[in-house]
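Sending over a structure as structure tokens; questions will come in a sec.
Residue numbering restarts at 1 for every chain, and letters A, B, ... go by the order of the sequence lines. Keep in mind it's a predicted model, so treat the numbers as computed, not measured.
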Amino acid sequence: MEQDCSYNWLFARNNDGKLILRIEDTDQVRSTQEATQSILDSLTWLGLDWDEGPYYQSQRLNIYQEYVEKLLKQGDAEYIDDPEKGRAVRFKIRDVITDIDDLIHGKIKFDTALLEDFIIKKGDGFPTYNFACVVDDGLMEITHIIRGDDHISNTPRQIALYHALGFDLPKFAHIPMILGEDGTRLSKRHGATSAVEYREKGYLPEAIINFIALLGWSPGNDQEILTKQEMIEKFSLKRVNKASARFDTVKLDWMNSKYIRELPAEQLSAKLHYYIQKAGFDTTQLSDTWLKKLIELYKDRFKTLSEFTTQTSPFFRNQIEYESSAVEKFLKIDGASRLISDTYAKLKELENFSIQEIEDCLRDITTQHGIGFGKLAQPLRVAIIGKSASAGIFETLELLGKEKTLNRLEYAMKTFL
RNA sequence: GGCCCCAUCGUCUAGUCAGGCCUAGGACACCGGGUUUUCAUCCCGGCAACUGGGGUUCAAAUCCCCAUGGGGUCACCA
């Protein structure tokens with residue numbers, strides 16, 4: 001659904017066309033407020049703007065009724081009664097050509113004899129999808145219909161309606177669907193995939209758009225990262241694939257991290273705010289400049305915004321968790337005790353606790369002990385972060401601050417050494 | 001099952017329309033190496049595909065047919 005929208009958007013913008021947003025809410029049970037709101041939110045978040053609408057089909061009932069009557073009068077439709085469902089109207093298929101001249105697939109032939117009459121107005125008075133969208137597309141003078149190729153099979157029905165209603169045929173472009181990682185259908189069944197859910201997971205809208213666009217389309221060269229502007233300029237239905245693609249989260253993650261790395265700390269900070277809140281971190285004591293430094297330090301280490309909080313949690317929390325394997329490997333070893341307590345004492349003497357000061361201090365310690373720098377950095381890292389991997393040790397100490405650093409060293413000495 | 005769509009590395013794809021430039025290019029992932037205080041980033045290198053079978057042609061990933069496989073659709077859902 002997001003892909004349908006983005007291709008429509010790219011196509012409209014590429015051609016200086018007009019994009020009309022229409023909410024097809026003709027199912028009184030399934031069309032909830034939440035559902036349409038989620039669509040609107042997703043489009044807004046992704047930055048896919050439209051020029052007209054949204055129109056709600058549920059508010060255009062009288063229009064559809066007009067055309068139902070027209071078909072009845074022409075003899076192209078008939079009433080059918082059902083004791084439970086009420087009086088509905090059924091369209092009668094005539095022998096017309098319903099072949100599709102698809103912009104992506106070329107000619108698709110159908111045997112009209114195989115088509116069956118179908119309902120256009122339901123017992124509850126609402127139009128069916130196939131009918132409402134043909135009436136709307138006709139009245140709104142839609143020139144191009146770009147949608148998933150799961151719609152191919154009801155296109156002949158719609159073409160028959162166009163003929164009966166006397167509307168000009170639009171051009172159809174059936175784009176391949178996106179399959180889930182397991183190769184089965186994504187949209188309806190997996191339910192997920194509202195773009196809003198990807199926001200929640202910490203993906204950037206630019207990354208999502210870029211990734212989705214490349215699932216079924218390519219600019220024709222080897223470029224993988226494209227701005228919206230570049231995509232608009234290069235987009236062409238001719239370059240859209242016929243085969244369906246699988247959604248590969250691993251590649252999306254890579255692309256997202258690429259976009260994160262290119263974002264200035266200032267903007268990242270604004271976006272990260274929500275996830276920091278969500279993680280429950282207390283930020284009242286923390287300054288903006290401090291946060292920006294932390295972001296800068298971790299920028300190329302996380303793939304999603306929410307991952308930032310899991311990686312930097314030792315900077316926010318007072319209690320940290322220690323990875324037992326890291327503790328075993330770097331703290332519970334010969335000499336660690338002496339080394340850490342010595343480091344503790346020396347760090348305590350520092351006045352500014354600046355990166356430069358810290359570096360000088362730590363380098364001195366390693367020369368005094370006659371060891372390589374890694375022999376100090378690793379135990380120290382584990383003692384203050386709890387893990388054997390983190391950003392640079394000097395920056396880490398500085399950002400953590402003198403007080404927290406000393407507290408953690410103290411705790412580590414008491415607990416593990 | 002009927003009808004429809006589709007088919008290049010594990011994945012996304014370039015190449016297919018206008019057959020030779022393809023000993024099939026790129027990206028993600030993976031593997032190896034380098035840089036580094038660890039991890040990540042970054043840099044270098046590697047692995048890896050034209051679904052199968054028939055045609056057409058001097059020549060086929062590219063055109064045609066069949067088979068196989070995958071997907072879609074058969075609602076008073078959209």
Side-chain angles (χ1 to χ4, degrees), chain A residues 1 23-31 35 57 80 82 84-90 100 102 104-106 108-111 114-116 118-133 147-157 174 176-179 181 183-185 187-188 211 214-225 238-239 241-255 257-258 261 297-303 311 326 329-330 359 362-363 366 372-382 385 387-394 396:
Chain A
M1 126 96 219
I23 306 293
E24 311 196 311
D25 54 350
T26 55
D27 184 330
Q28 294 196 68
V29 180
R30 292 208 317 191
S31 309
Q57 292 186 325
I80 59 161
D82 183 286
E84 275 173 32
K85 296 173 186 163
R87 168 167 268 202
V89 178
R90 187 164 58 195
I100 310 175
D102 194 272
I104 289 166
H105 295 271
I108 305 175
K109 289 185 175 168
F110 289 94
D111 185 354
L114 260 28
L115 285 182
E116 288 180 5
F118 58 94
I119 304 290
I120 56 175
K121 184 188 175 187
K122 300 182 265 184
D124 65 1
F126 275 59
T128 57
Y129 162 76
N130 274 324
F131 182 66
C133 76
R147 49 159 52 153
D149 61 17
D150 50 331
H151 283 281
I152 288 180
S153 57
N154 54 42
T155 304
R157 279 182 265 275
H174 287 98
M177 294 195 301
I178 298 176
L179 271 26
E181 318 232 13
T184 62
R185 187 170 179 165
S187 31
K188 278 181 185 168
F211 178 70
L214 257 34
L215 244 35
W217 172 79
S218 91
N221 53 27
D222 292 336
Q223 196 177 355
E224 301 264 345
I225 305 289
K238 282 186 190 141
R239 296 206 56 85
N241 265 308
K242 293 177 186 169
S244 48
R246 287 186 194 215
F247 193 96
D248 182 11
T249 311
V250 178
K251 186 157 186 178
L252 170 62
D253 283 353
W254 164 78
M255 200 170 268
S257 69
K258 196 109 174 147
R261 273 177 261 147
L297 189 57
Y298 273 84
K299 210 174 166 184
D300 51 11
R301 315 173 80 89
F302 55 98
K303 293 177 174 2
Q311 283 192 29
K329 190 171 176 193
F330 296 110
E359 172 158 9
L362 296 184
R363 298 251 183 234
T366 54
F373 190 74
K375 293 284 185 217
L376 169 61
Q378 281 309 84
L380 187 54
R381 193 188 311 277
V382 175
I385 296 291
K387 300 182 282 196
S388 58
S390 80
I393 193 73
F394 314 127
T396 300

* What nucleic acid atoms does A:Arg261 come within less than 4.0 Å of, heavy atoms only: base, sugar-phosphate, or nothing? -> sugar-phosphate
* Counting side-chain heavy atoms from C-beta on, which of B:C77, B:U37, B:U13 comes nearest to A:Asn241? -> B:U13
* Contact class for A:Arg239 vs. all strands (heavy atom < 4.0 Å): base, sugar-phosphate, or nothing? -> sugar-phosphate
* To do: Searching all strands shown, indicate the nucleotide that pairs with B:G2 (Watson-Crick or G-U wobble; both distances under 3.5 Å).
  =>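 Across all strands, the one nucleotide that pairs with B:G2 is B:U73.
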* Asked: Reckon A:His151 touches a base, only the sugar-phosphate, or nothing at all at heavy-atom distances under 4.0 Å?
  ->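 The answer is base, as A:His151 lies within the cut-off (heavy atoms under 4.0 Å) of a base atom.
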* Asked: Within the structure shown, what part of the strands sits under 4.0 Å from A:Ala245 by heavy-atom distance: base, sugar-phosphate, or nothing?
  -> sugar-phosphate
* **Spacing of the P atoms in B:A61 and B:G69 (rounded, Å)** =>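 After rounding to an integer number of Å, I get 25 Å for this pair.
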* Structure fact -> Closest to the side chain of A:Asp300, out of B:A40, B:C76, B:A14, is B:A40
* Separation of B:A78 C1' from A:Phe118 CZ (nearest whole Å) ->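 So the two atoms are 14 Å apart, to the nearest Å.
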* With sequence neighbours left out, write down each residue that passes salt bridge (charged side-chain N to carboxylate O under 4.0 Å, His left out) with A:Arg363, or none if nothing qualifies. =>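 Scan of A:Arg363 (salt bridge (charged side-chain N to carboxylate O under 4.0 Å, His left out), adjacent residues dropped) gives A:Glu359.
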* Describe the nucleic acid contact of A:Asp82 in one word from base, sugar-phosphate, nothing, applying a heavy-atom distance below 4.0 Å. => base
* Structure fact -> From the candidates B:C12, B:U38, B:A78, the one with an atom nearest any side-chain atom of A:Glu24 is B:A78
* What's the spacing between A:Ile385 CD1 and A:Ser390 OG if we round to 0.5 Å? -> 5.0 Å
* **Residues which pass side chain to side chain donor-acceptor pair (under 3.5 Å) with A:Lys258, listed by chain and number, not counting sequence neighbours** =>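 Result, side chain to side chain donor-acceptor pair (under 3.5 Å) vs A:Lys258: none returned.
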* Asked: Atom CG of A:Leu297 to atom C1' of B:U41: distance rounded to whole Å?
  ->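 For the pair A:Leu297 CG and B:U41 C1', the rounded distance is 12 Å.
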* Asked: Looking at B:U37, does its base get a donor-acceptor pair with the side chain of A:Arg381 below 3.5 Å?
  -> yes
* A:Arg157 side-chain proximity, nearest of B:C76, B:U73, B:A78 ->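 Closest of the options to the side chain of A:Arg157: B:U73.
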* Gap between atoms CG and C1', on A:Leu362 and B:U37 respectively (whole Å) -> 10 Å
* Same-atom distance (P) from B:U73 to B:C58, integer angstrom -> 45 Å
* To do: Mark up nucleotides 19-33 of chain B, 5' to 3', with B wherever a protein heavy atom is under 4.0 angstrom from a base atom, S wherever such an atom reaches only the sugar-phosphate, and - elsewhere.
  => ------BBBSS----
* Comparing A:Phe373 and A:Ser218 on RNA chain B - which has the more 5′ nearest nucleotide -> A:Ser218
* To do: Report the residues that fulfil side chain to side chain contact (heavy atoms under 4.5 Å, CB included) with A:Pro127, sequence neighbours left out, ordered by chain and then residue number.
  =>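 Applying side chain to side chain contact (heavy atoms under 4.5 Å, CB included) to A:Pro127 gives A:Thr26, A:Leu61, A:Tyr64, A:Phe131, A:Ala132.
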* Asked: Considering only B:A78, B:C12, B:G71, which nucleotide approaches the side chain of A:Thr26 most closely?
  -> B:A78
* Taking a pair as Watson-Crick or G-U wobble with both distances under 3.5 Å, which nucleotide is matched to B:U68? -> B:A7
* Give me the ring orientation class for A:Tyr129 and A:His151: parallel if the planes are under 30° apart, tilted from 30 to 60°, perpendicular past 60°. => tilted
* Asked: Considering only the C1' atoms, how many Å lie between B:G15 and B:G25, rounded to the nearest integer?
  -> 8 Å
* Asked: Is the A:Phe373-A:Phe394 ring centre distance short of 6.0 angstrom?
  ->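 Between A:Phe373 and A:Phe394, the centre distance is under 6.0 Å.
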* Asked: Within the structure shown, what part of the strands sits under 4.0 Å from A:Ala391 by heavy-atom distance: base, sugar-phosphate, or nothing?
  ->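 Counting heavy atoms under 4.0 Å across all strands, the contact made by A:Ala391 includes a base.
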* **For B:U56, the Watson-Crick or wobble partner whose two distances fall under 3.5 Å** => none
* **P atoms of B:U13 and B:A18, separation to the nearest Å** =>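 Approximately 23 Å lies between the P atom of B:U13 and that of B:A18.
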* Between A:Ile100 and A:Ile152, is a side-chain contact (heavy atoms from CB on, under 4.5 Å) present by the stated rule, with each step listed? -> CA-CA 9 Å; A:Ile100 310 175; A:Ile152 288 180; 4.2 Å; yes
* To do: Report the distance from atom NZ of A:Lys258 to atom C1' of B:A40, rounded to the nearest whole Å.
  =>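 Atom-to-atom, A:Lys258 to B:A40, this comes out as 14 Å.
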* Say you draw a straight line from CD of A:Gln311 to NZ of A:Lys303; how long is it, rounded to the nearest 0.5 Å? ->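 Interatomic distance, A:Gln311 CD to A:Lys303 NZ, rounded to 0.5 Å: 9.0 Å.
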* Asked: In whole Å, what is the span from the CD1 atom of A:Ile100 to the C1' atom of B:G72?
  -> 13 Å
* Structure fact -> The side chain to side chain contact (heavy atoms under 4.5 Å, CB included) partners of A:Asp124 (sequence neighbours excluded) come to A:Gln28, A:Lys122, A:Phe126
* **Atom-to-atom span, CZ of A:Arg30 to P of B:A75 - whole angstrom** =>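 Going from A:Arg30 (CZ) to B:A75 (P), I get 15 Å.
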* Distance, P atom - from B:A29 to B:C74, rounded to whole angstrom -> 38 Å
* Have a look at A:Gly372 and say if it touches a base, only the backbone sugar-phosphate, or nothing, with a 4.0 Å heavy-atom cut-off. => nothing
* When the distance from NZ of A:Lys121 to C1' of B:C77 is rounded to whole Å, what number comes out? ->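 Checked: the NZ to C1' distance equals 19 Å.
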Sort me out a list of protein N/O and nucleotides 3-8 of chain B N/O pairs below 3.5 Å, or just none if empty.
from, atom 1, to, atom 2, distance (Å)
B:C5, O3', A:His105, ND1, 2.9
B:C6, OP1, A:His105, ND1, 3.2

* **Between B:C5 and B:A24 - C1' atom distance, rounded Å** => 26 Å
* Are the side chain of A:Asp102 and the backbone N or O of A:His174 linked by a donor-acceptor pair below 3.5 Å? -> yes
* **Partner set under side chain to side chain donor-acceptor pair (under 3.5 Å) for A:Thr249, not counting sequence neighbours** => A:Glu181
* **Atom-pair distance (CZ on A:Phe247; C1' on B:G10), nearest Å** => 17 Å
* Asked: Contact class for A:Phe211 vs. all strands (heavy atom < 4.0 Å): base, sugar-phosphate, or nothing?
  -> nothing
* Just call it for A:Thr128: base, sugar-phosphate, or nothing, with non-hydrogen atoms closer than 4.0 Å on any strand. => sugar-phosphate
* Asked: Using the P atom in both, what is the distance from B:G45 to B:C4, to the nearest Å?
  ->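 Between the two P atoms, the distance is 49 Å.
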* Asked: How far does the P atom of B:C28 sit from the matching atom of B:G71, given to the nearest Å?
  -> 29 Å
* Structure fact -> A:Arg239 meets the salt bridge (charged side-chain N to carboxylate O under 4.0 Å, His left out) criterion, sequence neighbours left out, with none
* Toward the 5' end of RNA chain B, which comes first, A:Ile393 or A:Lys85, by nearest nucleotide? ->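 Closest to the 5' end, via its nearest nucleotide, is A:Ile393.
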* So which nucleotide from B:C76, B:U11, B:U38 ends up closest to the side chain of A:Gln378? ->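 Closest nucleotide to the A:Gln378 side chain: B:U38.
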* According to the Watson-Crick and G-U wobble definitions, with both distances under 3.5 Å, which nucleotide is paired to B:A24? -> none
* Any residue meeting side chain to side chain donor-acceptor pair (under 3.5 Å) with A:Arg157, in chain and number order, not counting sequence neighbours -> none
